[in-house]
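Just so we're on the same page: letters track the sequence lines, and every chain starts at 1. None of these values were measured; they are calculated from a predicted model.
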Amino acid sequence: MLTLKQITSNRDEVVRRLAKKHFTRAAELIDQVIALDADRRSTQKELDSKLAAVNQLSKSIGVLMQTGKKAEAESAKAETAQYKEDSKVLSVKLDELELAIRDLLLQIPNLPQDGVPEGTGAEDNVVEKQVGAIPTFEGFEALPHWELAKKYDLIDFELGVKISGAGFPVYKGKGARLQRALINFFLDEALNAGYLEIMPPTVVNAASGYGTGQLPDKDGQMYHDAQDDLYLIPTAEVPVTNIYRDVILTDKELPIKNCAYTQCFRREAGSYGKDVRGLNRLHEFSKIEIVRIDKPEHSAASHKEMLAHVENLLAKLELPYRILRLCGGDMSFTAALCFDFETYSAAQQRWLEVSSVSNFESYQANRLKCRYKTADGKTELCHTLNGSALALPRIVATLLENNQTADGIRIPKALIPYCGFDKID
RNA sequence: GGAGAGAUGGCAGAGUGGUCGAUUGCAGCGGUCUUGAAAACCGCCGUACUGAGAGGUACCGGGGGUUCGAAUCCCUCUCUCUCCGCCA
């Protein structure tokens, strides 16, 4: 969430920038926040003075009792009664005001950076770059990955349905080995880029869900164990970023660069059609996530490095890709700047999103209370960033489809040492 | 699942009704000394809100209560640890 300071000291600026996210209630909500905040401050001032009076009286009573002036002590006791009554009323009011402000703040999305394009949906995203040739197939018709998976016995979707349900595929043989190869490849690449590998729990408590903002907004999108009130993570972002919840770092520790491979679980309620065919949208999948905690003045540079990292992965996998700068309307609630990576899937003849690299600036850190001490001793909110590097299923889909030949599926050079085979046939 | 113990500042660990926002040690920061470092010595060293500032207020796991006054007493919730049981 935004900080009170951001809102109260730059009211017009905040309203202007929120327009790009098509958040129509910006002016209304922000003016409410400002009014409530003014009330909050005057209420606290009044309350503090009442409490100070009681504290002072209490201290004097202690002294009077010790010196045996009982009558004076009793009269001082009587004097506290009115203050106590007043402060009770004021403290209830203060609590209500603080709750109301927080409730409003949670409804206000992050401010998009000025470089974010205008637009309302996916069609308005700006293609920054497109790299790699779209493959063509001579002499045979390209098969979609779900048919290739069957043909070479790599992935059994029906078996997954039997064991768990739709969206839980079973990988077999070279299909399973390809998964393992990709996980190791992505982790090694992150390691070489200076990321510290983390293996976090894949089940988190509610506090962590709130910390990164999955709760309360996306409650229905996570698998939830009601018995123990735990959630299956939708991404490693949740446990990894929550490492830094309620933490004050030193400026020397920044930027923090973490990477993690986890299984990710998503209920994907409301998905349908060609979007969910094959590997396109799963309830459980493997993903390597990169997370950074950084100083505000360096987060833009970090974001660029993360983009370069993801781009390098796609280049090494020899996949045609494009980079989209997301428009205000297509960005998530919490992002200030976001780029998507898509690979072209030749048989499906469409672009598939394989990574999303976002800078949340201080929006997520404010909720997490992730701060750092500056060189001159001030405590400031960090910036947080994350990106997929990469999610496996659509990479596998594209690899299978694009690299199919009349006599098997070719494995890209970079992956062969990890796979232990150079061809699926 | 059963029984017990506990939750205090970055960590360790005192504190059982009145200058306790909290003793002390370690870590950290600054300084003296030193060619430099270490050691020793001296000083500083929680967070948030509020206030121009001086200062004020809140916070000793969360919530509630008793009291003029609560880290300290009472209730309640949560979590952690130990032992037993079960188990990868």
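The side chain of N55(A) places an N or O atom within less than 4.0 Å of a non-bridging phosphate oxygen (OP1 or OP2) of rA58(B).
Across all non-hydrogen atoms, the minimal contact from A347(A) to E401(A) is N-OE1, 3.3 Å. Of all the heavy atoms in M306(A) and G387(A), the pair that sits closest is CE-N, 3.8 Å. The shortest non-hydrogen separation linking L178(A) to C419(A) is CD1-SG, 3.8 Å.
When Watson-Crick and G-U wobble pairs are counted only if both distances are under 3.5 Å, rA37(B) pairs with no nucleotide at all. Summarising the base pairing, rG43(B) is matched to rC29(B) through a Watson-Crick or G-U wobble pair whose two defining distances lie under 3.5 Å. Pairing for rA54(B) is absent, with no Watson-Crick or G-U wobble pair whose two atom distances lie under 3.5 Å. Here rG69(B) sits opposite no nucleotide as a Watson-Crick or G-U wobble pair (both hydrogen-bonding atom distances under 3.5 Å). With a cut-off of 3.5 Å on both Watson-Crick or G-U wobble distances, the partner of rC87(B) is given as none. With a cut-off of 3.5 Å on both pairing distances, the Watson-Crick or G-U wobble partner of rU80(B) is rA5(B).
In this structure, the NZ atom of K45(A) is 17 Å from the P atom of rA58(B), given to the nearest Å. As a whole-Å value, the separation of N205(A) CG from rU78(B) P is 14 Å. If you measure from atom CG of L36(A) to atom P of rC49(B), you get 17 Å, rounded to the nearest angstrom. Look at CG on D246(A): it is 13 Å from C1' on rG61(B), rounded to the nearest Å. The nearest whole Å value for the distance from the CG atom in L249(A) to the C1' atom in rU47(B) is 15 Å. Following rounding to the nearest Å, L51(A) (CG) and rG56(B) (P) show an atom-to-atom distance of 13 Å. The interatomic distance linking R102(A) (CZ) with rC49(B) (P) rounds to 13 Å, in whole Å. Summarising the geometry, the separation between NZ on K59(A) and P on rG56(B) is reported as 8 Å, rounded to the nearest angstrom.
T379(A) comes within 4.0 angstrom of the backbone, heavy atoms only, and of no base. Using a 4.0 Å heavy-atom distance criterion, A76(A) is classed as making no nucleic acid contact. Within the 4.0 angstrom heavy-atom criterion, no nucleotide atom of any strand lies near K50(A).
When distances are taken from the side chain of I61(A) to each of rC68(B), rU57(B), rU47(B), the shortest belongs to rC68(B). You'll find that the side chain of K252(A) is closest to rC29(B), out of rC29(B), rU57(B), rU50(B). Here rG69(B) is the nucleotide among rC49(B), rG69(B), rG18(B) with the atom lying nearest to any side-chain atom of K84(A). The listed nucleotides are rC49(B), rU47(B), rC68(B); the one nearest the side chain of Q44(A) is rC49(B). With rC68(B), rU50(B), rA48(B) as the choices, the nucleotide that has an atom nearest any side-chain atom of R371(A) turns out to be rA48(B). Minimum atom distance to the side chain of S58(A) is reached by rG69(B), of the listed rA58(B), rG69(B), rC29(B). Comparing rG69(B), rG56(B), rU47(B) by their closest approach to the side chain of I248(A) singles out rU47(B).
Spacing of C1' atoms, rU72(B) relative to rG51(B), comes out at 32 Å, to the nearest Å. The same atom, C1', is picked in rG61(B) and in rG56(B); the two are 27 Å apart, to the nearest Å. Nucleotides rU32(B) and rG21(B) are separated by 31 Å at their C1' atoms, to the nearest Å. Comparing the C1' positions of rC84(B) and rA70(B) gives an interatomic distance of 38 Å, to the nearest angstrom. Comparing the C1' positions of rC11(B) and rA27(B) gives an interatomic distance of 7 Å, to the nearest angstrom. Rounded to the nearest Å, the gap between the P atom of rU24(B) and that of rG46(B) is 13 Å. On the P atoms, rG6(B) is 14 Å away from rU16(B), given to the nearest whole Å. Across rC49(B) and rC86(B), the matching C1' atoms stand 50 Å from one another, rounded to whole Å.
For K378(A) and E380(A), the salt-bridge test fails: no basic side-chain N is under 4.0 Å from an acidic carboxylate O. Residues K150(A) and E147(A) are not paired through a salt bridge, judged by the lack of any N-O separation under 4.0 Å between the basic side chain and the carboxylate. The residues R41(A) and D37(A) are annotated as salt-bridged, a charged nitrogen and a carboxylate oxygen being separated by less than 4.0 angstrom.
For Q56(A) and L4(A), each mapped to the nucleotide of RNA chain B holding its nearest heavy atom, the one lying further toward the 5' end belongs to L4(A). For the pair K88(A) and A78(A), nearest-nucleotide mapping onto RNA chain B gives the more 5' position to K88(A).
Under a cutoff of 6.0 Å and an axis angle of 45°, K174(A) and F421(A) form a cation-pi pair. Taking the ring centre of Y83(A) as origin, the terminal cationic atom of K50(A) falls outside the region bounded by 6.0 Å and 45° from the ring axis.
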